[in-house]
There are 2 protein chains.
Amino acid sequence: MANEQVDPEHQSAGAWAKKYYFATRVVMEAVLRPYDIGPTQWYVMHQLMTLGPTSQRDLARMLQIERATLTGVVAALVRKGLVEQNPDATDQRQKVLTATPAGAALWQELPDPIALILETAFDGVAQADIDTTARVLREATGKLTSLFPKGKES
Amino acid sequence: MANEQVDPEHQSAGAWAKKYYFATRVVMEAVLRPYDIGPTQWYVMHQLMTLGPTSQRDLARMLQIERATLTGVVAALVRKGLVEQNPDATDQRQKVLTATPAGAALWQELPDPIALILETAFDGVAQADIDTTARVLREATGKLTSLFPKGKES
DNA sequence: CTATATTTGCTAGGTGGCTAACGAACAGGT
DNA sequence: ACCTGTTCGTTAGCCACCTAGCAAATATAG
């Protein structure tokens, strides 16, 4: 075999930026796989269970994803019988999503991957350091998204 | 119009996790768009210009992307005449990538989006806080990727 | 009331990453 | 010299997200 390992010194900065984000996705997928629920689907269920029935419009805004994307995610949840789509009483355009009894039942069994991620990731780290990290990241992304709009604001 | 704004209190945690990662992608795309170079293409060029000719195998490891993904990226660069693919002298399986004169010339004009991101994102932030943030994130992702393997290690 | 503009959810199509599976080239043991 | 196993780059196909454009429903100006 040739040189098995690559000099870490030459690892791209991009690899790190990627890891910071994908770590949470990978963990969520791993944790939720047994329940056949994807990360985005989990977020939708989370909003429905904590806020009650919600229109797709509001969900898309809260989750910061496109309505078109949400259409597909919701279709999957409806197909599995976890969520119901009903037309809004006062606005015929809107469809209000509600968790079905089956959806609510499944939700009780689901672990909370976000809580799990926070626990394991920041276990043993001083609270002051966590606060600093959160502040620095919030400021950094704030500056970047305001100077380079496109993520259509916070 | 209905309620235009959504209560930020109810914004999903997922929205934040997403922003932290995508901020850099969005900025890179914005900065590089005039040159018709994507983020991943930029990373490839960066490696080629700083390390010299490199095999696709090594590039994939350094950029932490799959060889299959790299195939497509390289094809785009070759199509634009920025990069050359030559068989390795001692191992006929490997293809060594080299920046063409045109590629090297273009590279001179390209801004460094990573440097730009770091400057604008952390401008005015105390170095100690930056160090803390870097350390906390490194530790967190280290724990997560070791406890939930799948990203096939660092 | 009517005409115009906006909003909602949908469909269609594109992008960038992934996994799976393949032939060709190499490495090692017998 | 052969068989076996590994590695390289490629292809094919999947997934999650995106943008563009649509019809229907609603809001607003005159």
Side-chain angles (χ1 to χ4, degrees), chain A residues 1-6 14-15 17-19 21-22 24-26 28-29 32-33 36-44 54-61 63-78 83 85-97 150-152, chain B residues 1-6 14-15 17-19 21-22 24-26 28-29 32-33 36-44 54-61 63-78 83 85-97 150-152:
Chain A
M1 65 191 75
N3 54 335
E4 180 54 55
Q5 282 292 52
V6 168
K18 205 171 63 171
K19 281 172 70 172
Y21 170 64
F22 278 115
T24 84
R25 285 266 137 176
V26 168
M28 288 192 72
E29 284 166 11
L32 295 174
R33 182 156 305 125
D36 193 28
I37 294 276
T40 311
Q41 294 176 35
W42 185 88
Y43 283 120
V44 170
T54 315
S55 72
Q56 295 194 191
R57 176 198 92 146
D58 289 345
L59 272 177
R61 291 200 190 164
L63 299 178
Q64 305 246 114
I65 60 179
E66 288 302 312
R67 291 180 322 236
T69 302
L70 188 56
T71 295
V73 174
V74 168
L77 289 172
V78 169
V83 158
Q85 264 180 328
N86 305 311
D88 183 284
T90 67
D91 186 340
Q92 296 280 25
R93 293 170 302 179
Q94 297 192 32
K95 293 187 182 173
V96 176
L97 299 185
K150 160 82 170 199
K152 51 188 68 159
Chain B
M1 65 191 75
N3 55 335
E4 179 55 56
Q5 281 294 55
V6 168
K18 206 171 62 170
K19 279 172 70 173
Y21 170 64
F22 278 115
T24 85
R25 284 266 138 175
V26 168
M28 288 191 73
E29 284 166 13
L32 294 174
R33 183 156 303 123
D36 192 28
I37 293 277
T40 310
Q41 293 177 35
W42 184 87
Y43 283 122
V44 170
T54 315
S55 72
Q56 294 193 194
R57 177 198 91 149
D58 290 344
L59 271 177
R61 291 200 190 163
L63 300 178
Q64 305 245 117
I65 60 179
E66 287 301 311
R67 286 171 320 196
T69 302
L70 187 57
T71 295
V73 174
V74 167
L77 290 171
V78 169
V83 157
Q85 264 180 327
N86 304 311
D88 184 284
T90 66
D91 186 340
Q92 296 281 23
R93 291 171 302 179
Q94 296 192 32
K95 293 190 183 172
V96 175
L97 299 185
K150 161 83 169 195
K152 51 188 69 158

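To find a chain, count down the sequence lines: A is the first, B the second, and so on, and within it residues start at 1.
- Looking at which nucleotide of DNA chain D each of A:G38 and B:V96 is closest to, the 5′-most match is held by B:V96.
- To the nearest angstrom, C1' of C:dG17 lies 12 Å from CD of A:E29.
- Regarding A:D58, its CG atom lies at a distance of 8 Å from the P atom of C:dG9, rounded to whole Å.
- Separating the CG atom of B:L32 from the P atom of C:dG16 is a distance of 13 Å, rounded to the nearest angstrom.
- In this structure, B:L63 atom CG and C:dG16 atom P are separated by 15 Å, rounded to whole Å.
- Between A:R25 and D:dC17 there is a side-chain polar atom (N or O) within less than 4.0 angstrom of OP1 or OP2.
- Between B:Q94 and C:dC26 there is no side-chain polar atom (N or O) within less than 4.0 angstrom of OP1 or OP2.
- One interatomic measurement links the two molecules: CZ of B:R67 to P of C:dC22, which rounds to 15 Å at whole-angstrom precision.
- Using a 4.5 Å heavy-atom cutoff, the side chains of A:Y43 and A:M28 are in contact.
- With rounding to whole Å, B:L59 atom CG is found 12 Å from D:dT10 atom P.
- Each of B:T40 and A:V74 was assigned the nucleotide of DNA chain C with the nearest heavy atom; the assignment lying further toward the 5' end belongs to A:V74.
- For A:Q92, the side chain to side chain contact (heavy atoms under 4.5 Å, CB included) partners at least two apart in sequence or on another chain are A:P87.
- When rounded to the nearest whole Å, the span between CD of B:E66 and P of C:dC18 equals 6 Å.
- Contact check for A:K95 versus A:S55: no side-chain heavy atoms found under the 4.5 Å cut-off.
- Contact between the side-chain N/O atoms of A:Q64 and the OP1/OP2 oxygens of D:dC17 is not found at any separation under 4.0 Å.
- Using a 4.0 Å heavy-atom criterion, one finds that A:A68 contacts the bases of the nucleic acid, with or without backbone contacts as well.
- Looking only at side-chain heavy atoms (C-beta outward), A:T54 and A:L97 stay at 4.5 Å or farther from each other.
- Look at A:T71 and you'll find a side-chain N or O under 4.0 angstrom from OP1 or OP2 of C:dC10.
- Regarding B:W42, its CH2 atom lies at a distance of 17 Å from the P atom of C:dG16, rounded to whole Å.
- Side chains of A:V74 and A:Q85 form a contact here, defined as non-hydrogen atoms less than 4.5 Å apart.
- For D:dA16, the OP1/OP2 oxygens have no side-chain nitrogen or oxygen of A:T69 closer than 4.0 Å.
- Near DNA chain D, meaning a heavy atom under 4.0 Å away, the residues from residues 86-93 of chain B are B:R93.
- Counting only heavy atoms from C-beta outward, the side chains of B:T40 and B:T69 never approach each other to under 4.5 Å.
- Using a 4.0 Å heavy-atom distance criterion, B:Q41 is classed as making no nucleic acid contact.
- Listed by chain and number, the residues in a side chain to side chain contact (heavy atoms under 4.5 Å, CB included) with B:D88 are B:T90, B:D91, B:Q94, B:V96 (sequence neighbours excluded).
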